[in-house]
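One structure is given below, encoded as structure tokens.
All residue numbers refer to positions in the sequence shown, counting from 1. Heavy atoms only: backbone and side chains are in, while hydrogens, waters and symmetry mates are out. Since we're looking at a predicted model, the values are computed, not measured.
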Amino acid sequence: MRKPIIAIIYDFDKTLCTTDMQNYSFIPSLGMTPEEFWKETGKFCDQFGVEKILGYMYLMFSKCREKNIPLTKKFLAECGEKIEFFPGVETWFKRIKDFGAEHNVKIEHYLCSSGNKEIINGSKIAKYFKAIFGCEFVYDPISKNAIWPKNAVNYTQKTQYLFRISKGILDISDDDNLNARTKKRRIEYHHMIYLGDGITDVPCMEIINSYGGFSIAIESSKSSQNTSKKLLDDKRVKYICRGDYKDGSKLDKLVKNIILLIENESRIAKFDKSHKEDK
């Protein structure tokens, strides 16, 4: 009998790490503060009517060119090395996967971010994800410099990756299999747990909630408490936890209890099916 698969899907900025991923190393390398970079991004988007995710990607490109900094995969990966994570994050993924295995459940970790996949790939935790979905550039094969956006993931576009994870179609260029009719999903939505920090995660949270899955708002700071409380009051999330991933934390206990709940429901469903077949 196949083990039930549970997908735990994470936002990145202020969900796993303490601030926007570009703030740690990339923006300082430009000789700018995060406040200056994001303010200029907003001004550019307002002036030209540019979508905000494409706007920050353009500013990354233009500022590197202005400062004569090669915008390469290697450079961005090096920026990922300096990311600071919430307590317990670096041991979380193996610990939760091992807990699932102890209870006959397969745990798969996925990342869905509007940040840079290339920066995430350089971080200490990249190896733990079955798939990472994020913004990417196309690179010139000779100079190795970024020349064009390859993928841009805004807040509503994140929802398509839930669909991909559910069907097991993780190649973002594979639309044919993604849109093909499927009798059975690899991972059902009610076997998904989504962790995000705020309003930008609402589309994913609402989809997972509506299909019986579990959404958790992560409080990254005291200032985020009002946001998470509003999400809970509006029934857009089912739970609120601080950004504490240590063994025995509230988040740790909650996710483990959800895993046990899904495992128990799967076992009951298998028993019911077997009982009906025996009649």
Ignoring hydrogens and angles, tell me if any N or O in the side chain of [X] forms a donor-acceptor pair with the backbone of [Y] under 3.5 Å.
| X | Y | value |
| --- | --- | --- |
| Ser113 | Gly134 | no |
| Asp140 | Ile142 | yes |
| Arg164 | Leu178 | no |
| Ser143 | Asn145 | yes |
| Glu188 | His190 | no |
| Glu36 | Thr33 | yes |
| Tyr139 | Leu71 | no |
| Lys130 | Ala7 | no |
| Thr159 | Cys204 | no |
| Lys144 | Pro141 | yes |

How long is the span from the [atom1] atom in [X] to the [atom2] atom in [Y], to the nearest 0.5 Å?
| X | Y | atom1 | atom2 | value |
| --- | --- | --- | --- | --- |
| Trp92 | Ile125 | CH2 | CD1 | 12.0 Å |
| Ile218 | Leu251 | CD1 | CG | 4.5 Å |
| Asp13 | Asp197 | CG | CG | 8.0 Å |
| Gln22 | Ile27 | CD | CD1 | 6.0 Å |

Under 6.0 Å from the [atom1] atom of [X], do we count more than 12 heavy atoms belonging to anything else shown?
| X | atom1 | value |
| --- | --- | --- |
| Asp176 | CG | no |
| Lys256 | NZ | yes |
| Phe163 | CZ | yes |
| Lys167 | NZ | yes |
| Phe61 | CZ | yes |

Ignoring hydrogens and geometry beyond distance, is a side-chain donor-acceptor pair present between [X] and [Y] at under 3.5 Å?
| X | Y | answer |
| --- | --- | --- |
| Asn154 | Thr156 | yes |
| Glu136 | Asn116 | no |
| Lys238 | Ser215 | no |
| Tyr155 | Asp201 | no |
| Trp38 | Asn23 | yes |

Is there a side-chain contact between [X] and [Y], using heavy atoms and a 4.5 Å cut-off?
| X | Y | result |
| --- | --- | --- |
| Ile259 | Ile96 | yes |
| Met21 | Cys79 | no |
| Val255 | Phe214 | no |
| Arg95 | Asp98 | no |
| Lys250 | Asp244 | no |

To check you understand the geometry: which heavy-atom pair defines the closest contact between [X] and [Y], and what is its length?
| X | Y | result |
| --- | --- | --- |
| Cys241 | Leu254 | SG-CD2, 3.7 Å |
| Phe86 | Thr15 | CD1-O, 3.4 Å |
| Leu111 | Asp11 | CD1-O, 3.7 Å |

| task | Please step through side-chain hydrogen bond (donor to acceptor under 3.5 Å, both in side chains) for the pair Ser210 and Tyr189, ending with a clear verdict. | result | CA-CA 9 Å; Ser210 67; Tyr189 286 117; over 6 Å; no
Using the ring of each side chain (for Trp, its six-membered ring), is [X] parallel, tilted or perpendicular to [Y], with breaks at 30° and 60°?
| X | Y | answer |
| --- | --- | --- |
| Phe75 | Phe26 | tilted |
| Phe99 | His103 | tilted |
| His109 | Tyr10 | tilted |

Lys/Arg-Asp/Glu bridge criterion (N-O < 4.0 Å) met for [X], [Y]:
| X | Y | result |
| --- | --- | --- |
| Arg267 | Glu265 | no |
| Lys73 | Glu78 | no |
| Lys43 | Glu40 | no |

| task | Assess whether salt bridge (charged side-chain N to carboxylate O under 4.0 Å, His left out) is satisfied between Glu108 and Arg186, documenting all intermediate values. | result | CA-CA 12 Å; Glu108 294 180 351; Arg186 183 173 181 271; 2.6 Å; yes
| Worked verdict on Phe129 versus Tyr110 for ring pair (Phe, Tyr, Trp, His ring centres under 6.0 Å) | CA-CA 5 Å; Phe129 298 103; Tyr110 294 87; 8.7 Å; no
| From CA spacing to verdict: side-chain contact (heavy atoms from CB on, under 4.5 Å), Phe44, Ser62 | CA-CA 12 Å; Phe44 170 77; Ser62 64; over 6 Å; no
